[in-house]
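One structure below.
Note that the structure is a prediction, hence the values are computed from the model and not measured.
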Amino acid sequence: VQLQASGGGLVQAGGSLRLSCASSGSISSFNVMAWYRQAPGKQRELVAAISHGGSENYAESVKGRFTISRDNSKNTVYLQMNSLKPEDTAVYYCNGWVQRSYWGQGTEVTVSS
């Protein structure tokens with residue numbers, strides 16, 4: 001299974017972006033799908049996750065601003081990011097877990113002040 005992330009870019013503070021993570025296989029097979037991010041000089045951190053059953057979890061720093069969703073028919077997971085802040089600048093990675101972790105390549109998000 002391969003995960004392909006896209007949708008990153010440069011946006012001004014307060015703007016929005018939607019990231020997509022397309023899977024080469026069925027995302028229904030994953031127990032959890034998630035988005036992580038890694039800012040320069042920092043460790044990779046969990047941003048949002050969605051379970052097979054649809055339960056969502058978010059990092060405190062993005063609650064109320066980001067929304068994770070999944071479209072099983074398209075084998076794609078999305079991360080809608082609103083009210084972006086400069087501190088959201090990072091490389092964002094999608095991840096799927098079933099028996100082991102699967103990682104997509106990163107997509108870079110830059111938020112200018």
Which heavy atom of [X] sits nearest to which heavy atom of [Y], and what is that distance?
X	Y	answer
Ser112	Leu10	CB-CD1, 4.4 Å
Leu17	Val11	CD1-CG1, 4.0 Å
Ser69	Ile50	CA-CD1, 4.2 Å
Ala49	Val32	CB-CG1, 4.0 Å
Ser83	Ser16	N-OG, 4.3 Å

Exercise for the section: Please confirm whether Arg44 makes a cation-pi placement over Tyr36, using NZ or CZ under 6.0 Å from the six-membered ring centre and within 45° of the ring normal. Expected result: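 Not satisfied by the 6.0 Å and 45° rule.
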
Exercise for the section: For the residue pair Tyr102 and Phe30, categorise the inter-ring angle as parallel (less than 30°), tilted (30 to 60°) or perpendicular (more than 60°). Expected result: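 Aromatic pair Tyr102/Phe30 classed perpendicular.
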
Handout entry: Residue from Arg37, Gln38, Glu108 passing side-chain hydrogen bond (donor to acceptor under 3.5 Å, both in side chains) with Tyr92
Key =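 Testing Tyr92 for a side-chain hydrogen bond (donor to acceptor under 3.5 Å, both in side chains) against Arg37, Gln38, Glu108 leaves exactly one candidate, Arg37.
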
[atom1]-[atom2] distance between [X] and [Y], expressed to the nearest 0.5 angstrom:
X	Y	atom1	atom2	result
Asp88	Thr110	CG	OG1	11.0 Å
Ser61	Glu45	OG	CD	5.5 Å
Met33	Asn72	CE	CG	10.0 Å

Between the main-chain N or O of [Y] and the side-chain N or O of [X], is there a donor-acceptor pair closer than 3.5 Å?
X	Y	answer
Thr89	Val111	yes
His52	Ser28	yes
Gln105	Ala5	yes
Ser23	Ile27	no
Arg18	Gly8	no

So do [Y] and [X] actually touch side chain to side chain, heavy atoms under 4.5 Å?
X	Y	result
Met81	Val62	no
Cys21	Trp35	yes
Asn82	Phe66	no
Ile68	Tyr78	no

Practice task
Group every Ile, Leu, Val, Met, Phe, Trp and Tyr by side-chain heavy-atom contacts under 4.5 Å, then state whether Leu46 and Val91 land in the same group.
Solution key: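 Cluster IDs for Leu46 and Val91 match.
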
Problem - Linked, directly or transitively: Leu3 and Tyr93 (ILVMFWY side chains, under 4.5 Å) - result: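 No: no chain of side-chain contacts under 4.5 Å links Leu3 to Tyr93.
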
Practice task
Could you give me the CA-CA distance, side-chain angles and deciding distance for Tyr58 and Glu56, then say whether side-chain hydrogen bond (donor to acceptor under 3.5 Å, both in side chains) is met?
Solution key: CA-CA 7 Å; Tyr58 298 92; Glu56 301 168 23; 2.6 Å; yes

Practice task
Answer yes or no: does atom CD of Gln2 have more than 12 heavy-atom neighbours from other residues, nucleotides or ligands under 6.0 Å?
Solution key: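 Atom CD in Gln2 is not packed in, count stays at 12 or less.
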
Handout entry: Identified side-chain contact (heavy atoms from CB on, under 4.5 Å) counterpart of Ser20 within the set Thr76, Thr107, Val77, Leu79
Key =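 The option that passes is Thr76.
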
